[in-house]
Amino acid sequence: MNTECVNLLSFLSGELGEKEKKAFAEHLIQCSECTREYKQMTEAWNSLKWDFEEIEPSSSLKSEVMNFVFETDEVPVRRRKKWSGFFLKQFTPVTSGLLLAALVLVFVLLYSNIQLKKELTAINLPMEVKTSLSLQPADKTAVNMNTDGAAYILQQGKERRLIVQIQNLPSLQESEVYQVWLLKDGKRRNAGTFKPDEAGTGSLTYKLSIDDKFNHIGITREPDSNSTKPRGEKIVGSS
């Protein structure tokens with residue numbers, strides 16, 4: 001290879017002086033190898049111009065790059081702000097909305113998964129009978145003297161439920177209901193209503209809150225389910 005051949009790239013990039021350019025141009029006419037490579041490189045270079053637009057780098061580019069590399073004393077908060085600003089510029093409002101929706105969906109799925117785990121854990125917890133109360137007829141001389149039953153307080157984990165079961169209840173008329181009352185220190189709290197089946201058997205399940213504390217249970221026969229205090233006769237109760 002001629003020593004002039006090594007100047008091909010310098011000639012293409014315009015780094016040669018006028019004298020060297022003239023000398024290489026004369027060499028190019030005589031050297032078929034350089035002529036072939038010159039043609040190939042020229043075609044490749046010209047094709048690049050269709051895909052890329054050459055721009056003049058700003059005078060501050062070098063200083064910005066060097067500052068980024070050597071800026072080791074930058075406060076972490078400032079650095080996060082710089083990067084957050086950069087990413088905000090990259091996302092359009094539509095992209096940001098989709099990203100936010102995806103994050104919300106992930107949060108909802110995680111929350112649902114946590115709740116499901118709690119429910120499954122609660123299912124596996126043992127059920128304990130914390131209290132049982134015998135329910136007897138309020139008036140043992142009345143027709144309904146055979147009416148009796150029981151009430152249980154069941155606890156599973158932190159949840160408490162009151163279960164009331166009564167047998168041989170007198171049948172009701174139209175809108176009448178049986179209403180359960182929780183009694184403590186002369187105060188009553190409504191625990192719900194129920195109606196018995198044809199055999200006179202009735203039951204009620206009531207979820208007890210932390211404030212539901214009582215010593216006795218009373219069940220009355222009410223004209224409807226709107227009673228805020230007993231309006232009818234007491235049928236059964238705990239002793």
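Everything quoted here is computed from the prediction, not taken from an experiment. Positions are given from 1 along the sequence.
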Within this structure, what is the NZ-CG distance for the pair K195 and L172, rounded to the nearest 0.5 Å?
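If we round to the nearest 0.5 Å, K195:NZ and L172:CG are 6.5 Å apart.
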Mark yes or no for whether T147, through its side chain, and P137, through its backbone, hold a donor-acceptor pair below 3.5 Å.
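No.
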Can you list, by chain and residue number, the hydrophobic cluster partners of V177 when the side-chain cut-off is 4.5 Å?
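V177 clusters with nothing; isolated.
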At their closest point, which heavy atom of [X] faces which heavy atom of [Y], and how far apart are they?
X	Y	answer
L204	G192	CD1-C, 3.6 Å
G218	L183	N-CD1, 3.6 Å
Y152	S132	CD2-CB, 3.7 Å
P223	S175	O-OG, 2.8 Å
V164	A151	CG2-CB, 4.2 Å

Any salt bridge (Lys or Arg N to Asp or Glu O under 4.0 Å) pairs touching residues 127-137, not counting sequence neighbours?
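Of all non-adjacent pairs touching residues 127-137, none passes salt bridge (Lys or Arg N to Asp or Glu O under 4.0 Å).
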Tell me the salt bridge (Lys or Arg N to Asp or Glu O under 4.0 Å) pairs involving residues 173-188, sequence neighbours left out?
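Listed by first then second residue: E176-R221.
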Greater than 12 external heavy atoms within 6.0 Å of K213's NZ:
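Count not over threshold, so no.
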Can you find a pair of side-chain heavy atoms, one from [X] and one from [Y], that are under 4.5 Å apart?
X	Y	answer
L208	L182	yes
I219	L135	yes
D224	T193	no
T201	P196	no

Please name all residues satisfying side chain to side chain donor-acceptor pair (under 3.5 Å) with S227, sequence neighbours left out, ordered by chain then number.
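Residues passing side chain to side chain donor-acceptor pair (under 3.5 Å) with S227: E222, R231.
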Results of side chain to side chain donor-acceptor pair (under 3.5 Å) for S209 - residues two or more places apart only:
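Per chain and number, S209 pairs via side chain to side chain donor-acceptor pair (under 3.5 Å) with D212.
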Test salt bridge (charged side-chain N to carboxylate O under 4.0 Å, His left out) applied to R160 - qualifying residues, sequence neighbours left out:
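None.
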Mind checking side-chain contact (heavy atoms from CB on, under 4.5 Å) for [X] and listing every partner two or more places apart, or none if nothing turns up?
X	value
N190	Q179, W181
T131	L133, I153
S171	none
R161	E159, T205, K207

Report the residues that fulfil ring-ring contact (aromatic ring centres under 6.0 Å, His included) with F194, sequence neighbours left out, ordered by chain and then residue number.
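Per chain and number, F194 pairs via ring-ring contact (aromatic ring centres under 6.0 Å, His included) with Y178.
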Pairs in or reaching into residues 210-239: which pass ring pair (Phe, Tyr, Trp, His ring centres under 6.0 Å), with residues at least two apart or in two chains?
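Output for this query is empty, none listed.
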